[in-house]
Number of protein chains: 4
Amino acid sequence: MPREVRERQMVDAAVEVFARRGYRTASMDEIAELAGASKPLVYLYLNSKEDLFSACIRREAEALIAAVQAAVDPAAPADRRLWNGLRAFFAHTAAHPDGWAVLHCQARSHGEPFALEVAALRQRLVDVVTRLIADTAREGGCAVPLPGEEVAGLAHALVGAAESLAGWSNGLTGSGRSDRAAAETLMNLAWAGLGNLTNGRRWAPARS
Amino acid sequence: MPREVRERQMVDAAVEVFARRGYRTASMDEIAELAGASKPLVYLYLNSKEDLFSACIRREAEALIAAVQAAVDPAAPADRRLWNGLRAFFAHTAAHPDGWAVLHCQARSHGEPFALEVAALRQRLVDVVTRLIADTAREGGCAVPLPGEEVAGLAHALVGAAESLAGWSNGLTGSGRSDRAAAETLMNLAWAGLGNLTNGRRWAPARS
Amino acid sequence: MPREVRERQMVDAAVEVFARRGYRTASMDEIAELAGASKPLVYLYLNSKEDLFSACIRREAEALIAAVQAAVDPAAPADRRLWNGLRAFFAHTAAHPDGWAVLHCQARSHGEPFALEVAALRQRLVDVVTRLIADTAREGGCAVPLPGEEVAGLAHALVGAAESLAGWSNGLTGSGRSDRAAAETLMNLAWAGLGNLTNGRRWAPARS
Amino acid sequence: MPREVRERQMVDAAVEVFARRGYRTASMDEIAELAGASKPLVYLYLNSKEDLFSACIRREAEALIAAVQAAVDPAAPADRRLWNGLRAFFAHTAAHPDGWAVLHCQARSHGEPFALEVAALRQRLVDVVTRLIADTAREGGCAVPLPGEEVAGLAHALVGAAESLAGWSNGLTGSGRSDRAAAETLMNLAWAGLGNLTNGRRWAPARS
DNA sequence: TATGAATGAGTCTTCATTCAT
DNA sequence: TATGAATGAAGACTCATTCAT
């Protein structure tokens, strides 16, 4: 069996086991067995548990980002782009729950090397969203320019909301089209909020 | 030294170590040492590593919820309640980064017993927010009643956005009042979004 | 059982196993079993295989040097001191063959940390001998002063000769007093050689 | 590439790696790579790690003995023969430090099969020296016949001294002709010592 | 209340060795 | 002649947990 195929099987198995057990609890024995290979072969191809985990993170991260970016047609208007990006995000995470679990739950809680890696991925997502927000503001005829830091904050908020909704709607059983519903909910929230902000309508605490 | 004091020291130490190292990597030795007690005593008081971790989750969760609820004056108008709740959430997580790390990062990634526990906490937060949204809708003269599932989705989105913003703004260095800025950003986003929804102004994909 | 006693038993066992199997081949399992303790206890007390081996080297080295130095009466004449030192060296190595094997065979062939440690020990032995040679020269009315480098060379040669003789005579079976014979042989060789050198009688290759 | 050439490359590589890492720590992977061949080929030609190590020992041992014997002209007087033998010994070990390390450090510390092999070699060296001593005694007009066991002891002492001096002088840096100096030092020591012994002048402990 | 001493079970990792080609 | 692919066996090390005191 050629090396590349074997290697993909191994990473597949690793993603599954890491998602199920967590990084530390997962054992290389279980991963090797699930991959249908011997442990030394896993080490020969992937070096160490750390490297294997990194490989999982990288592969799943690239896949997620690629899915989102493929869905965003640069020629479409901003709202359409946002909508399609959200749809792709929810669809992809719903279709790859193990990969999403590795990225969202495991990678962040097991120390520097992985946290950094997944932070870099997340930053790329945030960047995509940041650009969408900026474009939305511009195309919507932004009356009051938003400061860069606020845009970044909004992007973080949206990404967090998406992550949270993904976890929730994927956890609901049986609701066949829940990932579309999630996208709609978030789209409504975001669209109205962004529209108001770019028009200078802000909420302010009443003076007490 | 009375048992209660000792026990609190132990949980303090455990929260710190679990936050720094993660559940599996943290060792009972380190926790006992940091607590200034011997290991058998830790076991005598807290039974097992699992129970100790559960105790950490429970204590930090109660503290966070209590902080949020204490800030929400039931007599105030809905927007004010939401604002105060957000402020309290950001302030508390910023003030207790270890506790927040245990709840947000560690507890979710280490198997059933803890994930359930933290899910229950999160549900209570979501419930608080759900009620806020419902009240907001009612007080705002809700033209179009929101289905319960959508309200829940919004609540999850808001909580996720808050969590994400908390992580981001706590990570920024030097910006003295960043947790207030985070609350403002999120408040603007949420307020406008909710307002639109309760008035039936929804975004819909253009027919293609 | 008090820690010190256990620790000595462990080092005893380790010296025996390291001598028999060699550093790398020796297994911590075997050492622990021979010491009558569990492996974790060995690690608790002695940290690692490396540290355990170092502890063996240090203990055996100190014992050997102490034996030699105890035998050398500073008030005695130089020849007497040399003789007593040699006797003690041969007697000690004969009485502690495992310790000698660890020092002479194992410690030198297993990488920097140990080689350095045993080199330091050997240097101390060489220093003792160097001083004896210098004293011998002085007391013998040295006609031609020996250069420092040559004295060091002589010391190394004597120590090497002693080591070699020790290995040989300890390997001979049955000869009850062989370690005394070894000392005599070496004493004769050294005494005459030193005497000639300090009197300027050197061997020189005939011109060809 | 013809088998003999390949095989020599492999043993060359093995000597280097064994000298650097030690028998157990050396890996067949590294040896094969350094030899520029694949691992199965190494096994095809040399059977096993043990056999490969034995091959190294044998080759280096033969080379050393051959060098010493080539230098000893049977027609020359005994002192000349001793001198030339010493010179050749120091020169060869200085020129082949890896081979010498394998013989002197590694082979003795890794269990029966190798220790026996290297002991046999050493015995041949000792035999050469033994004959030299006996000849010296005869040619020097030996007044008091030396018992065979003492001659053997002297030979062991000389070989050990030579080994020790070789290690020391090879370790010194920069002294361009140190292997000649080593030979001189040892020659002086030996010559005078032997001369005295064959003339019955012995050192004896003063009666106490 | 408090602990020094002790361990069973399990993990990552390595390496000599062999097929199938 | 030559090798890419594969593994069984073994070893260092760690840790949650428990007695005896």
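First the proteins, then the strands, lettered A, B, ... as listed; each starts at 1. Since the structure is predicted, the reported quantities are computational estimates derived from the model, not experimental observations.
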Report the nucleotide, chosen from [options], that has the shortest atom-to-atom distance to any side-chain atom of [X].
X        : options                   : result
Ser48(D) : dG11(F), dT17(E), dA2(E)  : dT17(E)
Met28(B) : dA16(F), dT7(E), dT3(F)   : dA16(F)
Ser27(A) : dT17(E), dT14(F), dC12(E) : dC12(E)
Tyr45(A) : dA5(F), dA2(E), dT11(E)   : dA5(F)

Run Trp100(D) and His104(D) through side chain to side chain contact (heavy atoms under 4.5 Å, CB included) and show every step you take. CA-CA 6 Å; Trp100(D) 174 241; His104(D) 185 53; 3.6 Å; yes

Within this structure, what is the [atom1]-to-[atom2] distance between [X] and [N], rounded to whole angstrom?
X        : N       : atom1 : atom2 : answer
Glu33(B) : dG4(E)  : CD    : P     : 12 Å
Arg6(A)  : dA5(F)  : CZ    : C1'   : 9 Å
Phe53(A) : dC12(E) : CZ    : C1'   : 16 Å
Leu41(D) : dT18(E) : CG    : C1'   : 14 Å
Asn47(C) : dT14(F) : CG    : P     : 9 Å
Phe18(D) : dA16(E) : CZ    : P     : 9 Å
Met10(A) : dT7(F)  : CE    : C1'   : 12 Å

Would you mind telling me which residue lines up with the more 5' stretch of DNA chain F, Asp29(B) or Gly36(A), judged by nearest nucleotide?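 The 5'-side residue here is Gly36(A).
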
Tell me which of Lys39(B) and Lys49(C) sits closer to the 5' end of DNA chain F, going by the nucleotide each one is nearest to.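 The residue mapped nearer the 5' terminus is Lys49(C).
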
Apply side chain to side chain contact (heavy atoms under 4.5 Å, CB included) to residues Gln106(C) and Val118(C) and explain how you reach the verdict. CA-CA 10 Å; Gln106(C) 299 303 330; Val118(C) 87; over 6 Å; no

Looking at Gly99(C) and Val15(C), what are the two nearest heavy atoms and their distance?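 Where Gly99(C) meets Val15(C) most closely, the heavy atoms are N-CG1, 3.7 Å.
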
Check the phosphate of [N] against [X], side-chain N and O only, distance under 4.0 Å to OP1 or OP2. Yes or no?
X        : N       : answer
Arg24(D) : dT14(E) : no
Tyr43(B) : dA2(E)  : no
Arg3(C)  : dA6(E)  : no

Are the charged groups of [X] and [Y] less than 4.0 angstrom apart, N to O?
X        : Y        : answer
Arg21(A) : Glu30(A) : yes
Glu16(A) : Arg20(A) : yes
Asp12(B) : Arg59(B) : yes

Which string of ( ) [ ] | and . matches DNA chain F, if you list each base 5' to 3' and count Watson-Crick or G-U pairs only when both distances are under 3.5 Å? .||||||||||||||||||||

What contact category does Ala32(C) fall into here, base, sugar-phosphate, or nothing, at under 4.0 angstrom with non-hydrogen atoms?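 Here Ala32(C) touches no strand at all.
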
Establish, yes or no, whether the cationic atom of Lys49(C) lies under 6.0 Å from the six-membered ring centre of Tyr43(C) and within 45° of the ring axis.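 No, Lys49(C) does not sit over the ring of Tyr43(C).
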
